[in-house]
Amino acid sequence: TTSSWSFMGLKEGKRARRNNLIESDTIIGVIDSGVYPESESFSGKGFGPPPKKWKGVCEGGKNFTCNNKLIGARYYTQYPDSARDLMGHGSHTASTAAGNAVKHVSFYGLGNGTARGGVPAARIAVYKVCNPGASGCTTDGILAAFDDAIADKVDLISISIGGDNGSPFEADPIAIGAFHAMGKGILTVNSAGNSGPEPSSVASVAPWIFTVAASNTNRAFVTKIVLGNGKTIGRSVNTFDLNGTKYPIVHGKSATSTCSDDAARLCSPGCLDSKLVKGKIVLCDSVQNPEVAKDMGAVASIVKSQYAEVAMIFSFPVSVLSEKKYNTLLSYVNSTKNPKAAVLRSETIFNQRAPIVASYSSRGPNTIIPDILKPDITAPGSEIIAAYSPDVPPSLSDTRHVKYSVETGTSMSCPHVAGVAAYLKTFHPRWSPSMIQSAIMTTAWPMNASTSPFNQMAEFAYGAGHVDPIAAIHPGLVYEASKSDHIAFLCGLNYTGKKLRLISGDGSICTKEQTKSLPRNLNYPSMTAQVSASKPFKLTFYRTVTNVRKGKAATYKAKVVGSKLKVKVVPEVLFMKSVHEKKSFTVTVSGTGPEADNLVSAHLIWSDGVHSVRSPIVVYAAN
Amino acid sequence: ADNEQDKQVYIVYMGALPARVDYMPMSHHASILQDVIGESSIEDRLVRTYKRSFNGFAARLTESEREILASMDEVVSVFPSKKLKLQ
């Protein structure tokens with residue numbers, strides 16, 4: 001966060017417009033691995049007492065003290081009985097969403113800046129559901145955390161937890177918890193998952209959950225390697241300085257006396273011979289086992305990774321190369337008598353092309369509800385510096401203790417959107433969860449598929465695009481979906497009779513019309529439909545927009561961008577006389593279905609000359 | 001009789017909390033559980049209750065007990081508690 005907020009236009013301190021009074025009254029519930037309460041990011045200095053609406057408690061267990069910033073703590077894990085963060089992850093996400101602004105933060109001098117949350121004046125309530133190792137994050141604990149967070153009256157829930165794929169709602173604890181949160185006006189922001197770039201890998205699939213993909217920012221950590229014949233650039237967060245000294249290079253394959261070539265080239269555990277690697281730089285064809293070379297006395301390692309677009313922390317000097325660069329290096333080694341190289345200390349560069357959706361970020365289409373686009377939005381998730389727990393090593397077999405560390409994943413992009421949602425809510429305290437979600441989606445920066453080889457999934461990779469906190473304050477129009485709209489949506493999915501009656505809590509029953517309604521007609525800010533491959537199709541989306549622009553009337557005209565689909569919007573002009581006025585329209589899309597496993601997309605933009613309300617329209621053919 | 005290793009933690013989701021002011025979630029959960037397991041003491045079966053914002057509980061159940069619960073009128077779904085991951 002020392003650079004991600006500025007990257008997306010949310011400037012530091014007084015340079016960003018804020019509603020401090022309401023921001024200070026905002027409470028973000030973070031369901032994660034707890035926090036390190038002594039972190040400066042959670043200091044209560046300068047904060048008044050908790051907001052009056054707060055119904056929670058500080059039950060963080062032994063040796064856990066709350067304050068007026070960290071106003072609540074509960075844990076649902078066993079031994080130790082504490083909400084203290086034993087993984088670093090919860091401290092990182094909580095400080096990204098709502099951490100204090102802490103100046104001069106860096107990771108051993110790298111990535112220096114002010115670590116801050118999206119809403120530094122807001123309060124944090126901690127719900128610890130994860131412990132390291134086999135304990136993991138139990139779903140019975142996660143559901144208990146939702147039960148408490150909703151009743152404690154948090155304004156928003158951030159949860160960077162998920163499974164490997166989607167589940168039916170009635171067996172998905174995050175969907176269940178988020179549904180009841182939505183019913184109480186609480187938006188749940190959830191990470192999309194790190195199983196990308198596989199299609200249909202997104203695990204957060206419910207329309208009442210705001211699902212966040214991850215992208216990079218313009219800042220990157222690079223670790224140069226100086227070869228005998230010139231330089232090359234790798235990725236890592238290497239804070240170890242070998243003073244530019246060149247060391248002999250040996251490939252894992254040539255440094256074994258016990259394993260096959262295939263195992264040795266990967267530097268698999270037990271394969272490297274210390275006599276052959278001591279004092280050298282070891283080349284490994286995989287990023288999986290860097291510590292093996294270190295344990296055998298290597299001074300550094302250069303590894304190959306399919307996804308070398310993200311820098312990670314290692315416990316000794318490592319540089320990660322893409323396949324192409326690694327192979328160049330290998331041919332240098334194989335063609336040179338005494339190959340040598342130097343692995344330099346990392347640097348930060350600020351001209352990386354961004355935002356590009358991360359290869360690891362889970363993709364759609366939505367396996368549970370094919371006609372609801374997931375993920376919804378993209379935010380910075382790669383190489384984020386934020387609070388950490390000094391009780392936890394920053395990387396495998398690392399002896400260092402840090403209060404701020406670099407983490408990567410949709411776990412990091414999720415709290416960025418939670419912070420933006422909370423920021424938005426300080427300007428529009430009465431907006432419902434769907435209005436907040438709509439405002440962020442329809443004002444997102446457009447992203448495109450051409451900027452990275454992994455992007456061929458386009459909107460299934462980045463949803464509506466990259467979050468833009470400032471534009472989201474004034475979206476012009478929003479797509480609202482109330483609890484009853486979601487109940488009708490469930491009717492269309494055959495949640496009838498007992499299930500619906502119990503879930504709704506008000507004895508709802510489905511009308512014949514609702515039972516026949518299509519999921520794609522939920523009033524969602526994006527429009528998605530699965531069609532048959534390579535066959536003609538014609539389908540209609542029904543939508544309603546609410547005018548949220550105060551003051552004078554406005555005339556919105558429809559425009560469709562992206563030519564491959566034939567799109568007809570009726571009516572094409574919406575005249576909005578007053579704020580909160582609603583107008584409905586239809587979007588009829590026709591054409592020939594794309595080939596299997598492909599999508600074709602366009603964007604519907606309602607514009608009044610001031611606001612641009614942009615919604616993706618995605619038509620795809622599953623395999 | 002089902003022995004210990006046949007049991008696993010299941011989540012019993014019962015939907016929204018009934019609006020009735022006299023509704024006592026915990027005694028309702030206890031009576032359901034006692035009916036199903038046929039024992040008065042539910043101590044070592046009940047793992048958690050959900051009673052503040054929605055209705056349900058988590059308990060150690062056998063597969064056959066799970067089936068009985070899932071068919072009950074006041075139960076939406078019964079599914080195993082799993083381990084999810086930080087992302």
Side-chain angles (χ1 to χ4, degrees), chain A residues 32-33 76 87 89-90 93 129-130 134-144 146-152 160-164 167-174 176-177 179-181 183-184 190-194 203 214 362 409-412 414 495 498-506, chain B residues 7-26 28-29 31-33 42-63 65-87:
Chain A
D32 206 296
S33 65
Y76 308 85
M87 305 176 81
H89 188 278
T93 57
V129 296
C130 304
S135 322
C137 320
T138 65
T139 49
D140 61 271
I142 289 168
L143 209 48
F146 271 101
D147 192 27
D148 281 327
I150 296 165
D152 290 349
S160 291
I161 295 173
D164 292 328
S167 312
F169 300 146
E170 74 272 15
D172 177 344
I174 297 177
I176 290 171
F179 182 86
H180 291 286
K184 291 286 185 1
N190 186 206
S191 44
N194 301 334
S362 291
T410 52
S411 273
M412 284 68 238
C414 169
Y495 282 82
K498 142 181 135 173
K499 287 194 178 189
L500 194 89
R501 181 171 39 79
L502 291 168
I503 292 172
S504 67
D506 53 20
Chain B
K7 295 188 188 68
Q8 72 166 88
V9 178
Y10 284 94
I11 291 168
V12 182
Y13 172 50
M14 300 165 68
L17 279 169
R20 292 190 341 254
V21 286
D22 61 343
Y23 178 71
M24 315 275 282
M26 293 188 67
H28 187 191
H29 303 160
S31 72
I32 287 181
L33 202 46
I42 58 171
E43 211 108 307
D44 61 352
R45 296 292 209 104
L46 191 58
V47 173
R48 280 183 210 287
T49 63
Y50 308 116
K51 57 185 181 300
R52 297 182 68 195
S53 308
F54 45 82
N55 203 4
F57 59 93
R60 279 183 199 81
L61 302 167
T62 63
E63 176 52 30
E65 290 164 344
R66 183 201 70 78
E67 278 169 22
I68 297 167
L69 271 164
S71 65
M72 288 182 153
D73 239 2
E74 56 262 68
V75 171
V76 175
S77 57
V78 183
F79 54 96
S81 178
K82 291 190 295 188
K83 294 213 165 95
L84 298 183
K85 288 183 289 188
L86 292 164
Q87 293 174 338

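Naming convention: chains lettered A, B, ... in sequence-line order (proteins, then strands); numbering from 1 in each chain.
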Quick one: what part of [X] sits under 4.5 Å from any heavy atom of chain B, side chain, backbone, both or neither?
X        : result
A:Ser362 : neither
A:Asp152 : both
A:Ala149 : neither
A:Ile142 : side chain
A:Tyr76  : both

message = Side chains of B:Ser77 and A:Glu170: any donor to acceptor distance under 3.5 Å?
response =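 Note: A:Glu170 and B:Ser77 side chains miss the donor-acceptor criterion.
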ask   = Under 3.5 Å, is there a donor-acceptor pair between the B:Ser81 and A:Thr139 side chains?
value =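 There is such a pair (donor and acceptor under 3.5 Å, judged by atom type) between the side chains of B:Ser81 and A:Thr139.
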Quick one: which of [options] has the most heavy-atom pairs under 4.5 Å with chain B, could you say?
options                                : value
A:Ser411, A:Gly409, A:Gly162, A:Ala203 : A:Gly162
A:Cys414, A:Ala181, A:Ala214, A:Ser135 : A:Ser135
A:Gly90, A:Gly141, A:Gly136            : A:Gly141

ask   = Is any side-chain heavy atom of A:Ser167 closer than 4.5 Å to a side-chain heavy atom of B:Phe79?
value =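 A:Ser167 does not reach B:Phe79 side chain to side chain.
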task = Would you check if B:Phe54 and A:Leu502 make a side-chain contact, meaning some heavy-atom pair closer than 4.5 Å?
result =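 A side-chain contact under 4.5 Å is absent here.
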Counting distance only, does the side-chain N/O of [X] pair as donor-acceptor with the main-chain N or O of [Y] below 3.5 Å?
X        : Y        : value
A:Lys498 : B:Val76  : no
A:Asn194 : B:Gln87  : yes
B:Ser53  : A:Ala151 : yes

Inter-residue atom distance [X].[atom1] - [Y].[atom2], 0.5 Å rounding:
X        : Y        : atom1 : atom2 : answer
A:Ile503 : B:Asn55  : CD1   : CG    : 12.5 Å
A:Asp140 : B:Lys83  : CG    : NZ    : 9.5 Å
B:Tyr13  : A:Phe169 : OH    : CZ    : 11.5 Å

ask   = Are A:Asp147 and B:Arg48 close enough, and set up right, to give a salt bridge (charged side-chain N to carboxylate O under 4.0 Å, His left out), and what steps lead you there?
value = CA-CA 11 Å; A:Asp147 192 27; B:Arg48 280 183 210 287; over 6 Å; no
key: NZ/NE/NH1/NH2 to OD/OE distance under 4.0 Å, A:Asp148 and B:Arg52   =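 Yes, this pair counts.
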message = Between B:Tyr50 and A:His180, does the ring-ring contact (aromatic ring centres under 6.0 Å, His included) criterion hold? Intermediate values first, please.
response = CA-CA 12 Å; B:Tyr50 308 116; A:His180 291 286; over 10 Å; no
task = Specify the closest pair of heavy atoms between B:Leu86 and A:Ser33, including all atoms of both residues, with the distance to one decimal.
result =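 The pair with the smallest heavy-atom distance is CD1-CB, 4.2 Å.
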inquiry  = On a heavy-atom basis, which atom in B:Ala16 and which in A:Gly505 lie closest, and how many Å separate them?
reply    =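 Heavy-atom minimum between the residues: CB-CA, 3.4 Å.
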task = Run the numbers on A:Ile176 and B:Ile11 for side-chain contact (heavy atoms from CB on, under 4.5 Å), then give the verdict.
result = CA-CA 11 Å; A:Ile176 290 171; B:Ile11 291 168; 5.8 Å; no
